[in-house]
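Here's the structure we're looking at; comments come further down.
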Amino acid sequence: MSTAVSTADPLAFETRAVSNRRRFLRQLLRKKLAMLAIAYLAIFYTCGIFAPLIAPHDPYQQNLTPGATRQGPSAEHWLGTDALGRDLASRVIYAARTTVVFTIVVLISGSLVLGLGLGLLAGYRGGWIDTLIMRVGEVLAGLPTLLLMLAITAAFRTRINDVAFWLQDNTFLGNDARTFVKFSIIVFATVPFAWIGTSRIVRSQALAIREETYVLAAEAMGASPWRIISRHILPGVLPLFVVGVSAGMAGTAGAEVTLSFLGLGIDPPTASFGSLIAAGAGPQTFERYPHLLLAPAIPVTLFFFAWNLLGDALVDLLEPRTQALR
Amino acid sequence: MAPGLAGYIVRRLLWAIPVLFAISVIVFYMLRLAPGDPVDSLLGQRYREEEAALIRKKYGYDQPIHIQYVKYIHNLLKGDLGVSTRHQSFTVTEIIIPKIWVSTRLGIIALAVSFFLGISAGIYAAIARGTFLDPLTISFWLAIDAVPIFVAVPFLQWLFAVRLDLIGLSWQGFTSPNIILPILVLALPGTAGIARFVRASVLGVLREDYVRTARAKGLPERIVIIRHVARNALLPLITIIGLSLPGVAGGSLIVEQLFGIPGIGAESFEAVLAPDFDVILALVLFGSVLFVLANILIDILYAVIDPRIRLGAQRG
């Protein structure tokens, strides 16, 4: 990028944007609950990303000798073992990895590419593109989401074997092929419904900013649409985008956990909070082996709670008066 | 009635037709083109191709998809939703109506509980703004909201049925005390959202001039809150109530599944696994119709309650 172009920017706008961002971060720092939530999420995501380094045992290593299965917590197995004698702490850490990868994939494909991209396009270009995108969103929003997600996953799971074997033979995926296919199915089932809320927020914000004087000035100076969107509209849209995404994050992660609980998402031997909880659910099981339910349930509940708190704090900071975002 | 309301309703209903048409096409093609096939579940893993062909012929699955679709729509317009492949010899209507009725009754009770809790918590948090009680109240409900239903259910079942031995676990209809747990589990998660909404709304109203006037008159704070604040702050809740209604009639898949409730949520899960094409389609269309109707209902209620709102202008 040439320096001549960047000095042409109104300096006042640049400094205002920076100071706004600082003020925003300061206010966020002052919220103790939000800070706790961020700290927990940082730990959770670190555990997920570095699962192989952190997990104390191999999460797939079974031990079926008498007494080794369904052990309570001990020094050797911090959270006990499951019905097949696998170390539960390691499985919970690997489940965190499933959640982390899933939320990041949906964040990038659903929220960033589709939500932000389509929202900016609709808001900036207007006209028939806007109408088309918003009408499609309206149709998708009117559908019973969980039912359709189930229908999609159930339908495509019947062909898991064929696709997985093909991938195993023809790509580098090897033994991870099955997990990859299951993962793709739930992403495919979730993403169509994950962008609508975000793109609505982005669109309405972009519509408002498009009419600002500094955008008109930039257009008059002959700036390209790409430059106007990236330099002038995006910075104004970003805060609300972040709010929308963090408010919806618990729901996104929850979709994977729910599908896995129902046996239609990521299933054993790959660890997922949904399948781990399913293995410990049931009042009789809980009476005898409470750790089977509590070990996965507590970390994942705190994960949802942290996103809820963070979303709530951000909504409060950015829109103190208006209604909570749906 | 507000002027122009009838015309507005007609316009919205007319717009719903292409939306529902698009949904029916997408879902119909998705179900037929996706790899899942009812024949697999009807005949098991191994079957002779002639048997499968016979079944496909019986249900018309052997014909080109667009012909199947036209036939489906033709029957739909006559009020025939098709037949179930999972429940042999039952029509879709016979299967879903009683189940929707169970889910709806259950859902409305849960919704009432949820709104009672949420409104109380929201007003309380708003009044307590500036003290630690405000974030505490909201955080409490956000924490409840964070507990996945399938964690809450086994835990509560263990606590109330195994430990305390107060109630049974089986579904015995609406008169049995066993209904308490499903209602709690259905009602609690939604409370946080309502509480936050009410809190924001109440905070907005508290700044209004008429509230200051009411206080200046020397009215007791209790009266100010109930008569002047709550009444105005709760109006926007119509949106949330309206948007919750489709979900109420759709039932809760997981709660019904875990408690063995013969509702539409549990049925939809089974239908998806089968797959039972006509039942899935009927449920998707039913859900979408409710969504469209709920949105129209919200707009109408707003117009009736608040004459300042003129319909037709604010939506594109």
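FYI, side chains are in, hydrogens and waters are out, and symmetry mates aren't considered; it's all heavy atoms of this structure. Letters A, B, ... mirror the listed sequences (proteins, then strands); counts begin at 1.
Counting non-hydrogen atoms of other residues, nucleotides and ligands closer than 6.0 Å to CZ of B:R32 gives a total above 12. Dense packing is recorded around OH of B:Y29, with more than 12 heavy atoms of other residues, nucleotides or ligands lying under 6.0 Å away. In A:Y40, the OH atom is crowded: over 12 heavy atoms of neighbouring residues, nucleotides or ligands sit closer than 6.0 Å.
Ranking A:T285, A:L262, A:L309, A:L33 against chain B, the residue ahead of the rest is A:L262, based on heavy-atom pairs under 4.5 Å. Interface remark: of the candidates A:D312, A:V139, A:T153, A:D312 forms the most heavy-atom pairs closer than 4.5 Å to chain B. Heavy-atom pairs under 4.5 Å with chain B were tallied for A:T258, A:V300, A:L146; the largest tally goes to A:T258. Heavy-atom pairs under 4.5 Å with chain A were tallied for B:L20, B:L285, B:V292, B:D145; the largest tally goes to B:D145. Heavy-atom pairs under 4.5 Å with chain A were tallied for B:P275, B:S139, B:G287, B:S268; the largest tally goes to B:S139.
In this structure a side-chain-to-backbone donor-acceptor pair under 3.5 Å is missing from A:S260 to A:V257. At distances below 3.5 Å, not a single donor-acceptor pair connects side-chain atoms of B:T137 with backbone N or O atoms of B:A125.
Interface residue B:V284: backbone and side-chain heavy atoms are both found under 4.5 Å from chain A. Looking at A:L293, only its side chain comes within 4.5 Å of chain B, counting heavy atoms on both sides. Contacts between B:I240 and chain A at a heavy-atom distance below 4.5 Å are absent for every atom of the residue. Of the atoms belonging to B:L156, not a single heavy atom falls under 4.5 Å from chain A. Interface remark: B:V27 contributes side-chain atoms only to the contact with chain A (heavy atom separation under 4.5 Å). Contacts between B:I254 and chain A at a heavy-atom distance below 4.5 Å involve the side chain alone, from C-beta outward. For B:L253, the part sitting under 4.5 Å from any heavy atom of chain A is the side chain, from C-beta outward, and nothing else. For B:W141, no part lies near chain A; criterion is any non-hydrogen pair under 4.5 Å. Contact annotation for A:A250: neither backbone nor side-chain heavy atoms come within less than 4.5 Å of a heavy atom of chain B. Using a 4.5 Å cut-off between heavy atoms, A:L143 contacts chain B through both its backbone and its side chain. For B:L258, the part sitting under 4.5 Å from any heavy atom of chain A is the side chain, from C-beta outward, and nothing else. Looking at B:A143, both its backbone and its side chain come within 4.5 Å of chain A, counting heavy atoms on both sides. Neither the backbone nor the side chain of A:L140 comes within less than 4.5 Å of any heavy atom in chain B. Heavy-atom distances place the side chain of A:I277, and not its backbone, under 4.5 Å from chain B.
If you look at A:F304 and A:W307, their ring centroids are not closer than 6.0 Å.
For the pair A:I185 and A:V181, the minimum side-chain heavy-atom distance is below 4.5 Å.
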B:E208 and B:N232: CA distance, side-chain angles, deciding distance, side-chain contact (heavy atoms from CB on, under 4.5 Å) verdict: CA-CA 10 Å; B:E208 296 282 350; B:N232 289 297; over 6 Å; no
Worked verdict on B:L293 versus B:V289 for side-chain contact (heavy atoms from CB on, under 4.5 Å): CA-CA 6 Å; B:L293 289 181; B:V289 168; 3.9 Å; yes
Evaluation steps, ring-ring contact (aromatic ring centres under 6.0 Å, His included), between A:F273 and A:F303: CA-CA 11 Å; A:F273 283 112; A:F303 175 79; 7.7 Å; no
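A:H291 and A:Y289 have perpendicular rings, their planes meeting at more than 60° on a 0 to 90° scale where under 30° would count as parallel. The aromatic rings of A:F261 and B:F150 sit parallel to each other, their planes meeting at less than 30°, with 60° as the upper class boundary.
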